[in-house]
Amino acid sequence: MLFVGDDWALDHHDVEVQDQAGRRLGKARLPEGVEGVARLHGLLARFLPEDAEPSQVLIGIETDRGPWVAALVAAGYRVFAVNPRQAARARDRLGVSGAKSDAGDAHVLADLVRTDAHQLPQVAEDSDLADGVQALTRAHQALIWDRARHVLRLRLRLRATLRDYFPAALEAFADLAEPEALELLGKAPDPDRAARLSRSQIAAALKRARRRDIEGKTTAIQAALRAPALGRGPVLTAASAAVTRSSISVISALTTEIAQLETEVKAHFGQHPDTGIYLSQPGLGQILGARVLAEFGDDPHRYASAKARKNYAGTSPLTIASGRKRTVRARFVRNDRLVDALTRQAQSALRASPGARACYDALRARGIGHQAALRQLANRLVGILHGCLTTSTHYNEATAWPQATTTSQNRQQPAAA
C-alpha cells in the first residue's frame, strides 16, 4: 500500500508518498495537467511492484472535483476528499509551532490518509451525465441568484431615477420589478415614448405576465403614462432614459439566459436513468429533481445508508454531548445548494403528499417551529428517496407513510352498526 498526500494549487501539486510505516518514500512538485499526472504515475511506479493494483494507492487531497481528481479516479486510485478543517486539525496534531508549507501540508495529508482513511469520504465515481447535470443546475441557480440581486438593486436605483425625470412611471407601476413594468419601461424608458404606447402593447405585456383584469389594468397604466407631469430638460431626460434602458436590459438578458439554461437542465436530466424515481417523489419537478440529483450524485456506493445520505444532506440533527450537557441543533456545515432544494421540496410536498402534510402537522402540534418542521420533513423525504434509489422503485404514498395512510382509511370507513 502507498499513501499519497496531494496539496493542490491552481498551477501545481505538492505530493508526498509514504509507505505503511509512515516512512517518506518520495516527494515532488508536479505541474497541473497531463504532464503532472504522467509524472505522478511514474513516481508511484517506482515504489509499487509490477503486479500491484491501482487500488493499492490511497491519495488524500482537499477537493473532490476538477480534472486532476477525475484523472486520479479514472486511473483506479482510491482518492479521499479531506475537508480543509480536518487537514488543519491534523497539522496541529503533528506540530504545534504553527509552521506551514505546501510540502508540509502534503506530508500531513499523506499521514492522515494512512491512519484515518477508514473515516474519510472516498471521492464518488459519479457518471459523466450526473456531472453535466450538476454543472448546468449550479449555473442555472447562480443566474437566478444574480437576477434576484440585480432586481433588488434595480428597485431602489430605478425608483430614484424615475422620480427625478419620469414620475408618471411610478404611478403606472406599483412594483418596478414586475415583468410587465420591465418590458414596457424597456420599450419606452422616457415620458414621450411611454405616452405613445398603445393599448395593444400594454395588454400584450400584461398577458405575458399572466395578469388578471387585463382591460382594467391596461386602462389604468395608459392613463397614468399619459397624465400631465412635471419633466426635466431633454438632455437629462435622454441620459436618464439610457440608464433605465441599460439597467432593464441586464435583467432581461439574465432572464433569457436562465430560460435557455432551464431547457438544457431539463434535457440532460431527462436522459438520466433515475429520472423517473426522482420525479415520482412528492414535491420534486424537473428543476428541483435535477438539483437534488446533481448534489447527491449518482454513485450507488457513495452512501452506505439512509443516515449517511441524510448527514450529507445536512437535514439530520447534530448532537453535541459532553458530561451532563446534551444539545441537539441543526447542521450549519452543509451543502447549501442541496439544503435549498430539499427545503423547497418539503414545502411543495405539503400539498402533493397527504402523508407529508400529516407529518408536518404533527411536528407543528408538538410546538416545533415552521422551519424546524420543514427541516425534519425534508430529512424524512431524504430517507424515502434513499430507499427508492436503493431498490430502484418509484415513490408510493402508502409505503412511505403507512401510519398516515392507515389513519386516513379508518376515517373514511363508516362506523359499524
Enter the distance from [X]:[atom1] to [Y]:[atom2] here, rounded to the nearest 0.5 Å.
X: Arg226; Y: Arg196; atom1: CZ; atom2: CZ; value: 10.5 Å
X: Gln18; Y: Thr115; atom1: CD; atom2: OG1; value: 9.0 Å
X: Leu293; Y: Leu279; atom1: CG; atom2: CG; value: 10.0 Å
X: His140; Y: Glu264; atom1: NE2; atom2: CD; value: 11.5 Å

Is there a side-chain contact between [X] and [Y] (heavy atoms, below 4.5 Å)?
X: Tyr165; Y: Val243; result: no
X: Gln86; Y: Asp116; result: no
X: Pro121; Y: Tyr312; result: no
X: Asp126; Y: Arg302; result: yes

Report summary line: Partner of Lys217 under side chain to side chain contact (heavy atoms under 4.5 Å, CB included), picked from Arg211, Gln222, Glu180, is Arg211

Query raised in the report: Would you call Asp146-Arg149 a salt bridge at under 4.0 Å N-O?
Result: yes

**Report entry** Residues, nucleotides or ligands: over 12 heavy atoms within 6.0 Å of Arg344 CZ
**Finding:** no

Query raised in the report: Is the count of non-hydrogen atoms from other residues, nucleotides or ligands lying under 6.0 Å from Arg351 atom CZ greater than 12?
Result: no

